[in-house]
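Worksheet: the structure to be examined is printed underneath.
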Amino acid sequence: MKAANEKARARNAQRQQARAEATRLSGLPASDTRQHQARELVASGLSDTQVAALRRRGFTIQESEQLSSGKRVVRLGVPRGLALEKARQQVDALGTGISADLNHYYRPALHAEHDAAKPCSGALCGAADMVGWDKAGYSCGPSPRVGIIDTALDLDAKDLAGRRIEVLQPAGQKRGSSPGHGTTIASLLGTLLPDARFIAIDGFTAGEDGQDRTDALSLAKAIDRLTSHGVDVINLSLSGPPNRLVQEAVTSAVERGVIIVAAAGNDGAKAPPSYPAAYADVLAVTAVDAEKNLYRRASTGDYIDLAAPGVGIFGESKAEGPSQGTSLATPFVAAAAAVLKASNPGTTPRNAGARLKAGAFDLGPVGYDEFYGWGLVQTAGLCADPGLIASQGAPSSSASAGKLPALEGPTTLEQAGVASATAAEVSPAAGQK
């Protein structure tokens, strides 16, 4: 027993020493090193000449790839003794058009709190009724194409039987992730959209702590790859810190007509905003329970767009009990956006977001608030009058927090089609939520 204890203490000491070394080399607090890869940067916009200059300074090129958007992205190893922030500044200083950042981690926005729950029957255990989902399904256009970036999928799972799912494997992936979270998200989307075509990427790997995570470069590459495959909507049931490469990938996808829906995060009311959900071009989704109360762990803030069921949701394995989280709420909004896009292929991400916000059921304080956003997403009439908000004057998909970007047309919410808030709640902030 004494020998075992000494070995355990030695292992703990080694871990602490490794973390201290990573902290020293990164130039950041110890808590931050768990949010990104140690001694590593990611960058876009570098030329061959600039890459060669970095090599001469001791940087290593660990990965380099040309995206479909035309941008080159690179994973850089930072020279020993050089703090990450100083290294990032050196890369940025090489020229205009370069974006360098830490290689941040992103994790599934789900808590498997298998509490005792009321027995339920039927698809989604009544959650579909909360949002008015048509049980007969929606057939108002071509089958939507929905992208999923998540953990691995168990294609033999009962809830995925008969679904049209194509799985794209990331090049050079060393080890995959567990199939639990990804299978649950895919099963929810498949139940809501049985006729859709799904394209999934397992961009996650198991971290040193055994938990699944992806990084900024992998996420950016996955968004770009799904965009190049022509998806209408991308479901991102994950969250993490802001990152320049991820933001570039999101912006590029949206500019090419892709609607991106992301989990608002499960870090609590006092936590900083979660990304990619907090980016202006993304629909951020929070979670509510069957009584329309906010999920107790949900992140809040002026980036929240919509709410959807995300508490007491059963995944593929109902025997394990229900799970909770903004991860589970995200597919409801992604599915609604997919139906909108299918019914009117000309719908832009901006107009799709405006349509969903205008039709939401207001929760919490009257009008927009930082807890529920514009309210609980409602799906009745998605196929009817798809051009309800199709003018350039509609509020953008990033219209949250009463902070609408400057509108090209109408200057009031009523004119823009959002009647659930007052003009006093609007503080135009271009490019922000």
Side-chain angles (χ1 to χ4, degrees), residues 26-29 32-47 50-51 53-54 57 59-78 82-107 149 170 201 203 213-228 234 236 238-256 258 260 262-263 265 272-282 284 301 303 349 397-398 405 429-433:
S26 70
L28 295 171
D32 286 343
T33 62
R34 288 174 290 182
Q35 302 301 316
H36 60 82
Q37 288 275 13
R39 298 183 59 240
E40 192 170 286
L41 295 177
V42 289
S44 68
L46 290 169
S47 67
Q50 290 163 339
V51 169
L54 289 173
R57 296 181 187 181
F59 288 83
T60 58
I61 310 304
Q62 300 178 352
E63 184 179 350
S64 178
E65 184 172 326
Q66 191 86 6
L67 301 181
S68 69
S69 62
K71 282 209 170 187
R72 179 188 194 181
V73 291
V74 179
R75 187 193 306 264
L76 298 167
V78 175
L82 181 61
L84 277 178
E85 180 55 26
K86 290 184 178 179
R88 188 190 65 76
Q89 292 172 1
Q90 287 187 17
V91 177
D92 275 340
L94 288 174
T96 59
I98 297 173
S99 292
D101 210 332
L102 281 65
N103 198 11
H104 293 108
Y105 294 139
Y106 297 83
R107 295 177 172 85
I149 301 174
I201 295 181
R213 70 189 185 199
T214 188
D215 58 45
L217 182 59
S218 299
L219 180 55
K221 287 166 53 180
I223 292 172
D224 176 78
R225 192 174 182 189
L226 287 177
T227 301
S228 69
I234 295 178
L236 298 176
L238 51 84
S239 64
N243 183 275
R244 294 179 181 181
L245 259 68
V246 173
Q247 185 173 15
E248 284 185 354
V250 165
T251 299
S252 176
V254 172
E255 288 176 347
R256 294 155 76 181
V258 180
I260 298 184
S274 294
Y275 293 83
Y279 288 127
D281 295 321
V282 178
Y303 66 98
S397 62
S398 63
Q432 299 182 32
K433 283 209 169 190

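Only heavy atoms go into these numbers, but all of them, side chains included; no hydrogens, no water, no symmetry mates.
Remark: Asn243 engages His104 in a side-chain hydrogen bond (donor to acceptor under 3.5 Å, both in side chains) (not counting sequence neighbours). For Arg225, there are no salt bridge (Lys or Arg N to Asp or Glu O under 4.0 Å) partners two or more places apart in sequence or in a different chain. Taking Ser228 as the reference, nothing meets the side-chain hydrogen bond (donor to acceptor under 3.5 Å, both in side chains) condition, with sequence neighbours excluded. Residues passing the ring-ring contact (aromatic ring centres under 6.0 Å, His included) test with Tyr275, sequence neighbours excluded: Tyr279. Among residues two or more places apart in sequence or in another chain, the salt bridge (Lys or Arg N to Asp or Glu O under 4.0 Å) test is passed with Arg57 by none. Listed by chain and number, the residues in a side-chain hydrogen bond (donor to acceptor under 3.5 Å, both in side chains) with Thr227 amount to none (sequence neighbours excluded).
Panel note: side chain Asp224, backbone Ser68; a donor-acceptor pair is recorded below 3.5 Å. Side-chain atoms of Gln37 do not come within 3.5 Å of backbone N or O of Leu41 as any donor-acceptor pair. At distances below 3.5 Å, at least one donor-acceptor pair connects side-chain atoms of Asp101 with backbone N or O atoms of Arg244.
Side-chain atoms of Leu67 and Lys221, non-hydrogen and from C-beta on, do get closer than 4.5 Å to each other. Proximity of Leu219 to Pro276: side-chain heavy atoms (C-beta onward) are separated by under 4.5 Å at one or more points. A heavy-atom distance below 4.5 Å is not found between the side chains of Ser252 and Glu248. Counting heavy atoms from C-beta outward, Ser218 and Arg213 have side chains that stay 4.5 Å or more apart. Between Val73 and Val42 the shortest side-chain heavy-atom distance does not fall below 4.5 Å.
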>> Between Thr60 and Leu76, is the side-chain contact (heavy atoms from CB on, under 4.5 Å) condition met? List the steps.
In response: CA-CA 6 Å; Thr60 58; Leu76 298 167; over 6 Å; no
> Under the side-chain contact (heavy atoms from CB on, under 4.5 Å) criterion, do Leu46 and Leu54 qualify, and how do the steps go?
Replying inline: CA-CA 10 Å; Leu46 290 169; Leu54 289 173; 3.9 Å; yes
>> Using the rule given for side-chain contact (heavy atoms from CB on, under 4.5 Å), can you reason through Leu82 versus Phe59, listing the C-alpha separation, both sets of side-chain angles and the distance that settles it, and then say yes or no?
In response: CA-CA 10 Å; Leu82 181 61; Phe59 288 83; 4.0 Å; yes
>> Working note: Leu236 + Ile260, criterion side-chain contact (heavy atoms from CB on, under 4.5 Å); need CA distance, chi angles, decisive distance, verdict.
In response: CA-CA 7 Å; Leu236 298 176; Ile260 298 184; 3.7 Å; yes
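Of all heavy-atom pairs spanning Ala284 and Ala277, the tightest one is CB-O, 3.5 Å. Nearest heavy atom pair, residue Ala216 against residue Asn103, reads N-OD1, 3.1 Å. Looking at every heavy atom in both residues, Val91 comes nearest to Ala43 through CG1-CB, 4.1 Å. The nearest pair of heavy atoms linking Leu217 to Glu63 is CD2-OE1, 3.6 Å. Across every non-hydrogen atom of Ile149 and Ala222, the tightest pair is CD1-CB, 3.6 Å.
Applying side-chain hydrogen bond (donor to acceptor under 3.5 Å, both in side chains) to Asp92 and the options Arg88, Gln89, Gln90 leaves one that passes, Arg88.
Considering CD of Gln247 and CG of Leu245, their distance stands at 10.5 Å, rounded to 0.5 Å. Atom OG1 of Thr214 is separated from atom CG of Leu238 by 7.5 Å, given to the nearest 0.5 angstrom.
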